[in-house]
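For reference, the structure is listed below as structure tokens.
Computed from a predicted model, the values in this text were never measured in an experiment.
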Amino acid sequence: MTTKQQQWDLTREKFKKVTDKLGCNIDDGILETVIALNVLGFRTTQSCEGHLDRAVAAPWIDIEPRTTKDWENLWIESDKAFFASKKLQEQNGPKPEIKALFDKSKDLLKKARKPTIELAQRLMNILDDYYRNRYVAYDKRITITRMHRGARVESIGAYTQDINTQLVKKQKLKEYQDEMRSFTEFLKRMYFSE
């Protein structure tokens, strides 16, 4: 039977080998968070420690449910119904048919999003525990935002980094990285105490 430490170490080794499409490894500054989320059952798909010279000047991690053929088909069928309703609308087609296709798209999309929403709810509960007795500036708080098929975990202030001066951006990046490290330590304690 694998111990928690062994599972952590195996997960670390796995993610130390993961590269993106450019051949870059997971940033050192976010690797522990990626490991912690994965050992707790969250599938991470992308991440970044935050950079001043490219991308977002704040750390972030994207999560998605484990993909299945049925889940993929829900997304495909939802898109088909949506685009068919749009095409019919552009052709001034019958309104009942347009509405039926649009409603079908919405229903399929709701089913497709359900696994992601369930993951996000679980992570929100963890964040609620983390912030229960922790008081930080609003922009430093870690939140979950909806992505197309998944969710992004990042500091609230990441959204405004593009309008900050370079000096403020640098200061905020450090603050957001510190908050993510603190959250990572919380996740580690949670994992090892389960």
Side-chain angles (χ1 to χ4, degrees), residues 1-20 24-51 55-56 58-72 74-75 110-159 172-194:
M1 181 174 197
T2 308
T3 68
K4 285 191 176 275
Q5 185 62 56
Q6 289 169 325
Q7 185 60 47
W8 182 275
D9 294 341
L10 287 169
T11 305
R12 172 189 296 283
E13 289 309 308
K14 172 186 170 185
F15 284 103
K16 282 177 85 171
K17 296 174 187 169
V18 169
T19 60
D20 63 14
C24 299
N25 294 89
I26 295 173
D27 294 334
D28 289 339
I30 203 73
L31 180 61
E32 291 286 305
T33 317
V34 168
I35 295 165
L37 287 169
N38 277 275
V39 296
L40 288 168
F42 296 95
R43 178 177 166 257
T44 60
T45 56
Q46 294 184 62
S47 63
C48 181
E49 67 186 10
H51 303 278
V56 180
W60 57 267
I61 299 174
D62 290 348
I63 61 171
E64 277 186 11
R66 305 245 177 256
T67 56
T68 64
K69 192 70 174 158
D70 289 342
W71 188 66
E72 291 293 334
L74 284 171
W75 286 101
K110 186 176 178 181
K111 288 177 186 172
R113 285 186 176 151
K114 186 179 180 201
T116 301
I117 294 167
E118 290 170 344
L119 275 180
Q121 180 64 59
R122 193 171 147 238
L123 193 50
M124 278 190 269
N125 292 338
I126 292 170
L127 283 164
D128 188 45
D129 287 344
Y130 175 66
Y131 284 112
R132 182 154 292 125
N133 295 308
R134 182 176 178 78
Y135 303 97
V136 297
Y138 181 75
D139 70 311
K140 291 181 198 174
R141 289 179 72 100
I142 296 169
T143 190
I144 303 164
T145 55
R146 184 168 81 180
M147 303 298 282
H148 178 61
R149 291 185 175 204
R152 177 163 287 182
V153 180
E154 67 184 345
S155 295
I156 291 169
Y159 179 71
K172 292 293 182 183
L173 172 59
K174 182 183 179 328
E175 291 174 8
Y176 301 155
Q177 288 171 333
D178 289 346
E179 185 64 10
M180 190 64 80
R181 274 191 290 278
S182 178
F183 180 56
T184 303
E185 288 305 313
F186 176 84
L187 293 173
K188 285 172 79 171
R189 286 191 303 273
M190 188 177 123
Y191 172 71
F192 284 108
S193 68
E194 283 181 339

Would you kindly say whether D139 and Y159 are connected by a side-chain donor-acceptor distance under 3.5 Å? no

Test item: side-chain donor near acceptor, R134 and S182, under 3.5 Å: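 Yes, S182 and R134 have a side-chain donor paired with an acceptor closer than 3.5 Å.
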
How far does [atom1] of [X] sit from [atom2] of [Y], to the nearest 0.5 angstrom?
{"X": "F42", "Y": "L187", "atom1": "CZ", "atom2": "CG", "value": "8.0 Å"}
{"X": "T116", "Y": "R146", "atom1": "OG1", "atom2": "CZ", "value": "10.0 Å"}
{"X": "L74", "Y": "K111", "atom1": "CG", "atom2": "NZ", "value": "7.0 Å"}
{"X": "K114", "Y": "L119", "atom1": "NZ", "atom2": "CG", "value": "12.0 Å"}
{"X": "L10", "Y": "I35", "atom1": "CG", "atom2": "CD1", "value": "11.0 Å"}
{"X": "I26", "Y": "K14", "atom1": "CD1", "atom2": "NZ", "value": "9.5 Å"}

Report, as yes or no, whether the 6.0 Å neighbourhood of atom [atom1] on [X] holds more than 12 heavy atoms from other residues, nucleotides or ligands.
{"X": "K4", "atom1": "NZ", "answer": "yes"}
{"X": "N125", "atom1": "CG", "answer": "yes"}
{"X": "R43", "atom1": "CZ", "answer": "yes"}
{"X": "Y131", "atom1": "OH", "answer": "yes"}

Going by heavy atoms in the side chains, are [X] and [Y] under 4.5 Å from each other?
{"X": "C48", "Y": "D27", "value": "yes"}
{"X": "R149", "Y": "E72", "value": "yes"}
{"X": "F192", "Y": "Q5", "value": "yes"}
{"X": "I142", "Y": "S155", "value": "yes"}

With no hydrogens and no angle check, is any side-chain donor or acceptor of E179 less than 3.5 Å from a backbone partner on R141?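 Checked: no pair found.
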
Where [X] and [Y] come nearest, the two heavy atoms and their spacing:
{"X": "V136", "Y": "K140", "value": "CG2-CB, 4.1 Å"}
{"X": "I61", "Y": "S47", "value": "CG1-CB, 3.9 Å"}
{"X": "E49", "Y": "H51", "value": "OE2-CE1, 3.5 Å"}
{"X": "E154", "Y": "P59", "value": "CB-O, 3.6 Å"}
{"X": "A120", "Y": "I144", "value": "O-CD1, 3.5 Å"}
{"X": "Q7", "Y": "Y191", "value": "CB-OH, 3.3 Å"}

Would you check, one step at a time, whether the test side chain to side chain contact (heavy atoms under 4.5 Å, CB included) holds for E185 with K188? CA-CA 5 Å; E185 288 305 313; K188 285 172 79 171; 3.9 Å; yes

Walk me through it: do M190 and Y130 pass the test side chain to side chain contact (heavy atoms under 4.5 Å, CB included)? CA-CA 10 Å; M190 188 177 123; Y130 175 66; over 6 Å; no

What's the verdict on side chain to side chain contact (heavy atoms under 4.5 Å, CB included) for K16 and L31, showing C-alpha distance, side-chain angles and the deciding distance? CA-CA 8 Å; K16 282 177 85 171; L31 180 61; 3.8 Å; yes

For N38, the option from T44, T11, T33 that meets side chain to side chain donor-acceptor pair (under 3.5 Å):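 That would be T44.
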
R152 and its side chain to side chain donor-acceptor pair (under 3.5 Å) partner, picked from D62, T143, T145: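 So, applying the side chain to side chain donor-acceptor pair (under 3.5 Å) to R152 and each of D62, T143, T145, only D62 qualifies.
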
Going by the angle between their ring planes, with limits at 30° and 60°, are W71 and W75 parallel, tilted or perpendicular? perpendicular

Using a strict threshold of under 4.0 Å (side-chain N to carboxylate O), is an ion pair present between E118 and R122? no

After noting the C-alpha distance and the side-chain angles of L127 and F183, does the key distance pass the side chain to side chain contact (heavy atoms under 4.5 Å, CB included) rule? CA-CA 8 Å; L127 283 164; F183 180 56; 3.6 Å; yes

Run the salt bridge (charged side-chain N to carboxylate O under 4.0 Å, His left out) check on E175 and K172 step by step: do they pass? CA-CA 5 Å; E175 291 174 8; K172 292 293 182 183; 3.5 Å; yes

